[in-house]
Amino acid sequence: MHWIALLWPPEELANGTLGASDVLLGREFASGASVREALGWWALGFTPRVAWADEALLLEVSASLRLWGGRQSLLRRMAESNPVSGGFHQAQAAIGVVALARLRLRAMGLPVPSEGAAALPLSTLTAARPHLDLLARLGCRTWGDAAALPRGPAVRRFGLELRAALDVAWGLTPEGYRWLSLPEVFDQSLELPTRVEDAPALMWAANRLLAVLQVWLRARQLGVLAFELSWALDLKRIDGRPLPPDQSIVIRTAEPEQSMAHLRRLLAERLGHIQLLAPAVQLRLRSLETVSWKAGSMSFLPEDQRHGEPLHAFVERVSARLGPNQVLAPAVRADYRPECVQQWRPAAGLLGGVAGGAEKITDEGSACLPDALAPTWLLREPLPLEVRDGQPCHRGLLRLLTGPCRIEAGWWGAAMPEQGRPAARDYYIAQNPAAELLWVYQERQTSHQKSHDPRWFLQGMYA
């Protein structure tokens, strides 16, 4: 077996990305617990056997060394992907408790003895710390001195923990740790250091939760499509209005994301338009929708290199800033009436077709036109045409070339104005004396539409 023990200095955690100076003291603050959990998730990306032992993180990497190309390559990759901005102390050994003891010596700046576990000072053994004074009076300074004591009297005097730790160090009994595992759903909370009065001020604390979310996504090889940020409200301030216990917003994106840059921009824009009902005292970040992460394939061809931000990122950022109804995109509908085939909907929900259950932009509406020869240029409103001797006119009498192509649709939405009016039409391709090709139709008489004189309309033109 090969063990690696890692220890982050408190000042590095305080100034780092995840930031919490109390994590090494073992205090169960919300911020410290989040940092410990995030560092454990990060380590699971290198080996499935990860455990916290006191203040250090232990990794058993014997089954992963070949995958990473050896010990030095693994340590280099760990240093490059360190989620804390500073460095960390590390020590290696064949046994976890020995690696932990060597790590403590390195953190204190003391030399690590090369004689093995017997030469390690007893102050580096967790089980011996409550008995250091008595062991020193007995002349026991190192692990070897304590291991030489008679087993029975030592167990009765110092307890079973010290003897069990020494047996592990000498390979007499196996080591046992509670391995870390990744949760199926990301759900983390953070106590705010003070009451927050306005929503944009929540970004400072939200950035810490987003950093932990990124570690979780990378460890599980997932990309996030939607997450919810909620904040608990301080209900102590009574102003005569009933208040909910919390507020929340949901951030969605069209493409799965592992990088937090785009999600931070979206969250900042959304928080800028929100007014808090009461001061916030706690944040909670929860993943709503995730998919398997597929890394983009790299190409050496210049034409395959992408520059700038993706289209969906630009559309979502502008929609969050101006409002979803200010950035629209065309979407098709299954309707045979040409004026009802296309709709304008919020673009942020249509791009990619995966965010918020929105409909995907496809070409299925092209089959809904009444004729495959229909023009691409339609008038905003059909233009009534003059009729002379039963013939429609537009810059002269029209000569009907093809038709009729008959449709009758819209009867199901007669009571709903947004569905459009019912249509009973005969479509023709016509030509005027100026050799212009036009798309015209004649209204037919039905039981719902009765008129004595047939009416003609111009609906489109051919380029």
Side-chain angles (χ1 to χ4, degrees), residues 1-10 22-28 32-33 36-37 39-40 43-44 46-65 71 88-181:
M1 302 179 73
H2 186 86
W3 293 85
I4 297 178
L6 303 178
L7 177 64
W8 286 265
D22 299 306
V23 63
L24 296 182
L25 303 180
R27 301 177 184 175
E28 295 300 327
R36 289 173 64 92
E37 199 166 15
L39 293 176
L44 284 172
F46 300 99
T47 175
R49 296 183 175 183
V50 179
W52 278 101
D54 298 332
E55 74 277 15
L57 189 63
L58 289 179
L59 292 78
E60 203 287 301
V61 297
S62 59
S64 306
L65 286 179
R71 287 181 294 176
F88 51 77
H89 300 294
Q90 62 88 17
Q92 306 176 52
I95 300 175
V97 292
V98 178
L100 182 59
R102 292 179 177 178
L103 178 69
R104 288 167 176 165
L105 289 177
R106 289 192 175 184
M108 293 184 292
L110 300 177
V112 179
S114 58
E115 292 81 359
L120 293 172
L122 277 175
S123 59
T124 59
L125 185 60
T126 302
R129 287 180 177 179
H131 316 290
L132 287 179
D133 293 339
L134 179 57
L135 289 170
R137 289 196 297 269
L138 294 176
C140 296
R141 307 289 181 181
T142 64
W143 288 24
D145 296 337
L149 294 175
R151 176 178 294 270
V155 170
R156 289 192 296 269
R157 183 63 186 86
F158 303 110
L160 186 61
E161 292 78 8
L162 177 59
R163 188 67 252 182
L166 293 174
D167 288 344
V168 169
W170 263 259
L172 301 178
T173 58
E175 291 184 274
Y177 296 98
R178 184 176 180 181
W179 304 118
L180 299 180
S181 61

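Only a predicted model underlies this, so the values are computations on that prediction, with no experimental measurement involved.
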Looking at residues at least two apart in the chain, or sitting in another chain, which of them share a side-chain hydrogen bond (donor to acceptor under 3.5 Å, both in side chains) with [X]?
| X | result |
| --- | --- |
| Thr126 | Asp54, Arg104 |
| Thr47 | none |
| Gln92 | His2 |

Under 3.5 Å donor-acceptor pairs involving side-chain atoms of residues 148-157, not counting sequence neighbours:
{"residue": "Arg151", "atom": "NH1", "partner": "Asp167", "partner atom": "OD2", "Å": "3.1"}
{"residue": "Arg151", "atom": "NH2", "partner": "Asp167", "partner atom": "OD1", "Å": "3.2"}

Could you give the distance from [atom1] ([X]) to [atom2] ([Y]), rounded to the nearest 0.5 Å?
| X | Y | atom1 | atom2 | value |
| --- | --- | --- | --- | --- |
| Trp8 | Leu39 | CH2 | CG | 4.5 Å |
| Ser181 | Leu44 | OG | CG | 8.0 Å |
| Arg141 | Leu135 | CZ | CG | 10.0 Å |
| Leu132 | Arg137 | CG | CZ | 11.0 Å |
| Leu100 | Leu57 | CG | CG | 11.0 Å |
| Arg49 | Tyr177 | CZ | OH | 12.5 Å |

Quick one, Leu125 and Leu166 - any side-chain contact, counting heavy atoms below 4.5 Å?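 Side-chain contact under 4.5 Å: yes.
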
Would you say that Leu120 contacts Pro113 through its side chain, given a criterion of any heavy-atom pair below 4.5 Å between the two side chains?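 Yes. Closest side-chain heavy atoms under 4.5 Å.
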
Can you name the salt bridge (Lys or Arg N to Asp or Glu O under 4.0 Å) partners of Glu175, sequence neighbours left out?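 By the salt bridge (Lys or Arg N to Asp or Glu O under 4.0 Å) rule, Glu175 matches no residue at all.
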
Minimum heavy-atom separation for [X] and [Y], please, with both atom names.
| X | Y | value |
| --- | --- | --- |
| Ala165 | Ala127 | CB-CB, 4.1 Å |
| Ala91 | Leu103 | CB-N, 3.5 Å |
| Ala146 | Leu122 | CB-CD2, 3.9 Å |
| Arg163 | Ala147 | NH1-O, 3.5 Å |
| Leu180 | Gly40 | CD1-CA, 3.6 Å |
| Ala169 | Ile95 | O-CD1, 3.1 Å |

Distance-only, no hydrogens or angles: does the Trp143 side chain make a donor-acceptor pair with backbone N or O of Pro121 under 3.5 Å?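 Side chain of Trp143 to backbone of Pro121: a pair is present.
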
So, Arg71 side chain and Leu65 main chain: donor-acceptor pair closer than 3.5 Å or not?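 Here the side-chain-to-backbone pair does not exist.
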
Residues forming a ring pair (Phe, Tyr, Trp, His ring centres under 6.0 Å) with His131, sequence neighbours excluded: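 Partners of His131 under the ring pair (Phe, Tyr, Trp, His ring centres under 6.0 Å) test: Phe158.
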
Residues Leu58, Trp3; criterion side-chain contact (heavy atoms from CB on, under 4.5 Å); working and verdict: CA-CA 7 Å; Leu58 289 179; Trp3 293 85; 4.1 Å; yes

